[in-house]
Amino acid sequence: MENNKILVVGGDNRLAYLAESLIADKNEVTTFGLEKSNLDNKYKSNSLTQALKKSDYVVLCIPVSRDNKTIYSPFSDTVIPIDQGLFDKLKNKIIFCGLKDKLFNINSSFKKLNIIDYAANEEFLLKNAALTAEGAISILIKEYKNCLFNSNCLISGYGRIGKILAHKLSLIGAKVTILARNKESLLWAEIMGYNTLDLNNLNNSFDNYDIIVNTVPYLIFDKKILNSFKKKPYMLDLASVPGGIDFKEAKKLDICVNHALGIPSEFSPKAASDIIKNIIYKNLT
């Protein structure tokens with residue numbers, strides 16, 4: 001794929017690497033909101049309006065926003081409001097973004113635009129889950145003060161991330177237990193050789209877990225459950241805001257908790273950008 005006129009707006013390391021990769025593929029790339037990145041300055045525009053005039057496609061970040069007001073742009077001091085002005089600028093463009101529903105919740109007018117959500121693609125979801133699981137293990141190796149081998153690990157949730165993480169931890173030699181509500185998920189976990197806990201029948205008791213990793217994006221580990229722990233585990237929350245752990249209560253109990261967001265961006269941004277690029281290429285007209 002080459003000679004496509006693409007504008008990359010805002011974003012973190014993933015979109016900076018994406019712009020580099022699109023340029024290497026001989027596309028006509030312009031960026032806005034990435035002025036503090038290591039990208040060559042000749043590809044950076046000081047005017048969003050002018051950059052859009054030269055572009056047929058626009059790539060936005062994931063998440064589109066973190067403050068529910070502006071485009072997420074950590075490499076820029078420029079504020080890009082998600083307002084009617086931005087909507088008007090994006091008309092007649094093909095737009096790629098992650099988690100487009102978040103954009104729609106901020107400004108419903110954006111539903112009228114031609115937007116392709118690359119984060120809704122199963123290829124993105126699976127490969128991003130693999131990067132997240134790999135990054136989670138990196139965090140555990142660095143922050144858990146003991147050996148992962150032979151440790152008792154509880155994983156809350158058995159979706160894409162939970163499945164991959166359980167497999168990788170078991171290969172290291174950890175003793176893995178899956179906590180889930182869905183009967184089929186629990187059955188699959190059992191078939192794969194993991195211990196299981198039914199979230200519907202906890203009876204407020206937990207074994208002596210060394211590590212607990214949450215992947216469920218709603219509150220699981222509330223005050224009652226945290227106070228039922230027989231020992232203080234290291235807790236890693238991979239779920240999106242607000243996460244699945246009562247962080248205030250955990251702090252009161254002196255339980256070490258890390259709410260790790262955007263792991264692919266931090267640990268493997270180039271690989272994450274390649275996933276996004278492949279999906280964009282499959283949707284170019």
**Message:** Can you tell me how far apart CG (Leu90) and CG (Leu52) are? Round to the nearest 0.5 Å.
**Reply:**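 Going from CG on Leu90 over to CG on Leu52, the span is 6.0 Å.
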**Message:** What's the separation between atom OG1 in Thr78 and atom NZ in Lys36, rounded to the nearest 0.5 Å?
**Reply:** 9.0 Å
For [X], I'd like to know if atom [atom1] has over 12 heavy atoms of other residues, nucleotides or ligands within 6.0 Å.
{"X": "Lys251", "atom1": "NZ", "answer": "no"}
{"X": "Asn38", "atom1": "CG", "answer": "no"}
{"X": "Asp88", "atom1": "CG", "answer": "yes"}
{"X": "Asn208", "atom1": "CG", "answer": "yes"}
{"X": "Glu134", "atom1": "CD", "answer": "no"}
{"X": "Glu184", "atom1": "CD", "answer": "no"}

Of all heavy-atom pairs between [X] and [Y], which one has the smallest distance, and what is that distance?
{"X": "Cys97", "Y": "Ile115", "result": "SG-CG2, 3.6 Å"}
{"X": "Arg160", "Y": "Ala129", "result": "CB-CB, 3.8 Å"}
{"X": "Thr30", "Y": "Ala51", "result": "CG2-CB, 3.8 Å"}

[Y]/[X] salt bridge by N-O under 4.0 Å criterion:
{"X": "Lys270", "Y": "Glu20", "answer": "no"}
{"X": "Asp83", "Y": "Lys69", "answer": "no"}
{"X": "Lys231", "Y": "Asp210", "answer": "yes"}

**Asked** Should Leu99 and Val64 be marked as a side-chain contact (heavy atoms from CB on, under 4.5 Å) after you check the CA-CA gap, both sets of side-chain angles, and the distance that decides it?
**Response** CA-CA 7 Å; Leu99 305 177; Val64 175; 5.6 Å; no
**Message:** Before you tell me yes or no, could you show the steps for Phe96 and Tyr118 under ring-ring contact (aromatic ring centres under 6.0 Å, His included), namely the whole-Å CA-CA distance, both residues' side-chain angles and the distance that decides it to 0.1 Å?
**Reply:** CA-CA 6 Å; Phe96 296 92; Tyr118 53 76; 7.5 Å; no
**Asked** Can you check side chain to side chain donor-acceptor pair (under 3.5 Å) on Thr196 and Glu190, steps first, answer last?
**Response** CA-CA 6 Å; Thr196 60; Glu190 182 182 346; 5.1 Å; no
